[in-house]
Every structure is written in structure tokens, then in C-alpha cells.
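Structure, as C-alpha cells:
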Amino acid sequence: MSEGDSESFEVESHRVRTLIKDLDTENMLGHLRNFPRDLENWLLRKNYDEYEWCEDIISKAWKGIVCIGMGGSAAGGMYLSSLANQEGSHPVCVWNNYGLPNWWDPEWLVIAISYSGNTEETLDGVEKAINNGGTVMAITSGGMLSGICELNENANLIHLKAGQPPRSAFGKIFGSMLGFCWHVGLIDKPKEFEIREMIENLGQWVQECDFWDYERNDIILLASEIEEKIIAIISGPEMEAVSYRMKCQFNENSARFARVGIIPEMNHNELVSWGGLKHDADLKIDEQAVLILNWDGEKENNKKRINWFVNNLRSDSAWSLNGEGGTLLEAMLYHSVMMDWLSCAIAFLRGKNPTSIEPIIELKKYLTDVK
């Protein structure tokens with residue numbers, strides 16, 4: 001980094017620290033620092049046997065899993081589906097809507113995730129499952145969902161500690177889902193030493209991303225480059241859930257629009273738009289920030305597609321972000337750490353409290369008032 005770049009970074013870094021003091025009123029960064037610990041508490045949990053209902057779930061031959069949830073609570077299901085596609089024994093489908101898919105029947109286990117316990121779309125799906133003889137495994141910190149589990153023998157509860165935005169509780173939400181699926185044999189569990197090594201790596205990655213403690217931080221440098229740009233996130237299929245969660249983190253934490261393109265599918269449609277037309281005066285490809293999410297297990301043909309895309313991209317604002325770690329799970333979690341800190345850095349640079357989601361709150365109030 002040149003002397004000029006170093007001085008510019010020091011100015012940005014000081015500005016972010018000042019903004020954190022003013023804007024992070026609900027300790028979002030504290031929640032991000034707890035991410036590895038939240039995962040560890042569930043992935044290395046020894047006492048899933050305290051949930052007696054687990055034996056009933058283990059004993060049944062499920063067709064698969066339907067994960068129902070919205071927003072930050074739904075992301076765990078998307079990650080679980082990606083892992084199942086790569087290394088699972090059962091299909092995992094994600095449902096972000098009221099009710100359940102028409103093809104659902106009681107031989108599909110329903111995992112219902114609502115951190116607050118009051119998400120109306122999720123509650124609607126749970127009621128449909130119970131009324132039609134299904135089995136529900138609910139993950140929540142309380143609310144109406146917890147109450148439903150107390151009243152129905154086919155609705156089982158994993159209780160999470162409350163007190164933070166759902167999107168910042170991803171370690172608890174996804175950790176409890178994955179730990180449960182490991183325990184009941186729906187997804188193969190790594191060896192304990194491998195899990196511990198992954199958690200240790202996550203802790204190191206959090207420290208590297210933490211822009212409060214480090215003099216030079218790549219997250220701040222990247223955030224300052226893209227804070228006012230349109231953001232495009234490109235990845236292969238295995239990272240689709242990660243890409244979508246990154247989009248949502250930019251939407252909620254940073255109040256920034258972002259979109260997702262998945263290779264190879266986007267090569268059959270969206271790619272034409274990136275090529276553009278030479279006489280198109282409104283073309284602003286060079287004003288977009290392109291984030292490409294990679295991992296070492298990428299299929300060779302998709303690597304070639306990504307390389308071609310990068311070599312032919314008409315924008316200087318592009319970054320290839322490689323997911324560290326030796327497994328898909330570890331690479332996904334590496335990107336999760338990075339995206340959380342990057343979205344918050346952009347929020348602070350733009351003068352936004354990353355916890356604030358006023359439009360969502362206003363919509364929920366409207367929906368309540370019009371009933």
C-alpha cells in the first residue's frame with residue numbers, strides 16, 4: 001500500500017470508528033464477534049439426547065426436509081439445502097411463503113425457523129403441517145411458535161436465547177439446525193477434531209475482519225470502494241445460498257440494493273446484459289461493484305466459466321473472494337463472516353445503524369392494522 005493509500009485508509013478507518021460509536025447502538029458488532037462461539041455451542045453440543053423427541057425423528061424414514069422461514073431466520077435452511085445437495089442423504093427444500101408446497105405430505109419433516117417466534121408466514125405453515133398430521137421441529141426464541149409446540153405433541157422445540165436481530169443470530173439458527181441434522185443422521189457429521197479446527201479458523205477470520213481492532217483492514221478498504229455502487233454477487237451453485245444471504249445482508253444492514261447471478265445458469269441469460277451494446281448510452285456496467293464468491297471445490301467447468309467472465313468483464317470494480325477452508329461448509333462460513341463485517345462497514349460509512357430496519361417494521365404494523 002502506497003503512502004497516499006495508507007493515509008487515505010487511516011482517514012477512513014478513523015471515520016468508521018467514530019461512526020461505530022454513534023451508530024452501533026444495539027451492538028451489532030458484538031453479535032458478529034460471537035458468531036464462532038454461537039456455532040460452537042451447537043455444533044459441539046453433547047446433549048441433544050435431552051430432546052427425547054429426537055428418537056422419534058430418527059426412527060422414521062423421511063422422504064426429506066422442508067425448511068420454512070423468512071428473512072434472517074430462513075438463511076439456515078438455504079445453507080442446509082446446499083450442504084444436502086453436496087453431501088446429504090435426504091433432499092432439503094426451502095419454503096419462503098405462507099402455508100406449505102402443494103406436494104408436501106407428512107412423510108416430509110418440517111423444520112420451522114422463526115427467531116422471534118411470531119413470523120406469520122412461518123406460523124401459517126406450521127399450522128398447516130400440524131393440521132395435516134405432519135411433524136414439526138421448531139427453532140425459535142419464544143413467541144407464538146413456542147406456544148404451539150407446548151400444545152401439540154407433533155411440534156417439537158429447540159429453544160434459542162433471544163435478544164438480537166435474526167440476521168445476527170445466524171450462528172445460533174444455522175448451528176442448531178446443522179447440529180440437529182448431524183445428530184439424527186440426516187447429514188453426515190465430520191469428526192470432532194475437524195469441527196474444532198473449523199471453529200478455531202472462524203475465530204481467526206472474525207479477528208481479521210474486525211475493523212475496530214486492526215490498523216489495516218481489507219474489509220474497510222473494500223467497503224470504501226463499493227459503498228455507493230450497485231452490487232452484483234456472482235457465484236457457482238454451491239455458494240448460491242451464501243450469495244443470497246450476502247444480498248440480504250447488504251439490503252438490511254447497509255440499505256443497499258444488490259443482486260445475485262449464479263453460474264452456469266446466468267451464462268444462459270444474464271451474461272448477454274453484461275456484454276451490453278456499444279451504442280447504449282445508459283449502460284453503467286463500469287459503475288457496478290462485482291463480488292465473485294469462489295471456493296476450492298468449484299467444478300472445473302464452472303471455474304472456466306468464472307474465469308471467462310472475469311476476463312471479459314467491462315468493469316474495473318471487481319473482486320474475487322475465495323472461501324477459505326477445506327470443505328464446502330467451512331468455505332460457506334468463511335464467506336458468512338466476511339459478508340457480515342463488509343455489510344456493516346458499508347452501513348457505517350453511509351451513516352446507517354446496521355440494526356435499523358424501519359421499512360420492515362412499518363410493513364408489519366400495516367399488515368397488523370388492516371386485519
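Excluded from the calculations below are hydrogen atoms, water molecules and symmetry mates; all remaining heavy atoms, backbone and side chain alike, are included.
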- Query: What's the verdict on salt bridge (charged side-chain N to carboxylate O under 4.0 Å, His left out) for K299 and E238, showing C-alpha distance, side-chain angles and the deciding distance?
  - Reply: CA-CA 10 Å; K299 288 181 170 55; E238 296 87 357; 3.3 Å; yes
- Message: Run the side-chain hydrogen bond (donor to acceptor under 3.5 Å, both in side chains) test on Y79 and S336 for me, step by step, so that the C-alpha distance in whole Å, both residues' side-chain angles and the decisive distance to 0.1 Å come before the verdict.
- Response: CA-CA 11 Å; Y79 277 50; S336 300; 2.8 Å; yes
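No option in R33, R167, Q164 other than R167 meets the side chain to side chain contact (heavy atoms under 4.5 Å, CB included) test with M28.
Linking Ile, Leu, Val, Met, Phe, Trp and Tyr whenever their side-chain heavy atoms come within less than 4.5 Å puts I68 and W103 in one cluster. Taken together through direct or relayed side-chain contacts under 4.5 Å among Ile, Leu, Val, Met, Phe, Trp and Tyr, L328 and W205 form part of one hydrophobic cluster. Under a hydrophobic-cluster definition in which Ile, Leu, Val, Met, Phe, Trp and Tyr are linked whenever side-chain heavy atoms come within less than 4.5 Å, directly or via other members, F170 and I199 are assigned to the same cluster. Clustering ILVMFWY residues whenever any of their side-chain heavy atoms sit less than 4.5 angstrom apart, transitively, puts F35 in the very cluster that holds L329.
In summary, the side chains of Q288 and R259 do present a donor paired with an acceptor at a separation below 3.5 Å, with no hydrogens or angles considered. Judged by distance alone, the side chains of E265 and N269 do bring a donor and an acceptor atom under 3.5 Å apart. Looking only at atom types and distance, the side chain of E330 has a donor-acceptor partner in the side chain of N201 under 3.5 Å away. In this model, a donor atom of one side chain and an acceptor atom of the other lie less than 3.5 Å apart for T119 and S114. A side-chain donor from one of E208 and Q204 sits under 3.5 Å from a side-chain acceptor of the other. Remark: the K128 side chain and the N132 side chain contain no N/O donor-acceptor pair separated by less than 3.5 Å.
Residue-environment remark: CG (D188) stays at or below the threshold of 12 foreign heavy atoms within 6.0 Å.
Here the shortest heavy-atom pairing between T140 and G117 reads OG1-CA, 3.1 Å. Nearest heavy-atom pair across P237 and P264 is CG-CD, 3.9 Å. Among all heavy-atom pairs drawn from A345 and I219, the shortest one is CB-CG2, 4.0 Å. In terms of heavy-atom proximity, C54 sits nearest to F180 at SG-CE1, 4.1 Å. In terms of heavy atoms, C67 sits closest to V92 at SG-CG1, 3.8 Å. Counting all heavy atoms, side chain and backbone alike, Y115 lies closest to G163 at OH-N, 3.4 Å.
At least one donor-acceptor pair closer than 3.5 Å links the side chain of D210 to the backbone N or O of W212. Judged by distance alone, with hydrogens and angles left aside, the side-chain atoms of N118 form no donor-acceptor pair with the main-chain N or O of L145 at under 3.5 Å. In terms of modelled atom types and a separation under 3.5 Å, the side chain of N27 and the main chain of G30 share a donor-acceptor contact. N307 places a side-chain N or O within donor-acceptor distance of the main-chain N or O of K303, the cut-off being under 3.5 Å.
Electrostatic pairing of D38 and K161 does not count as a salt bridge here, judged by no charged N lying under 4.0 Å from a carboxylate O. With salt bridges taken as basic N to acidic carboxylate O contacts below 4.0 Å, none links K352 and E252. The residues E300 and K304 are annotated as not salt-bridged, no charged nitrogen and carboxylate oxygen being separated by less than 4.0 angstrom. By the 4.0 Å N-to-carboxylate-O rule, R350 lies close enough to E228 to be salt-bridged with it.
A 4.5 Å side-chain heavy-atom check between N294 and S320 finds at least one atom pair inside the cut-off.
You'll find the ring centres of F309 and W274 inside the 6.0 Å limit. For W104 and W95, the ring centers are positioned 6.0 Å apart or more.
The aromatic rings of W341 and F211 lie perpendicular to each other, with more than 60° between the two planes, well past the 30° mark.
Annotation: cation-pi geometry not satisfied between R305 and W308 (NZ/CZ under 6.0 angstrom from ring centroid, within 45° of ring axis).
In this structure, the separation between CD on E121 and CG on D124 is 8.5 Å, given to the nearest 0.5 Å.
Qualifying salt bridge (Lys or Arg N to Asp or Glu O under 4.0 Å) partners for E40, counting only residues two or more places apart in sequence or in other chains: none.
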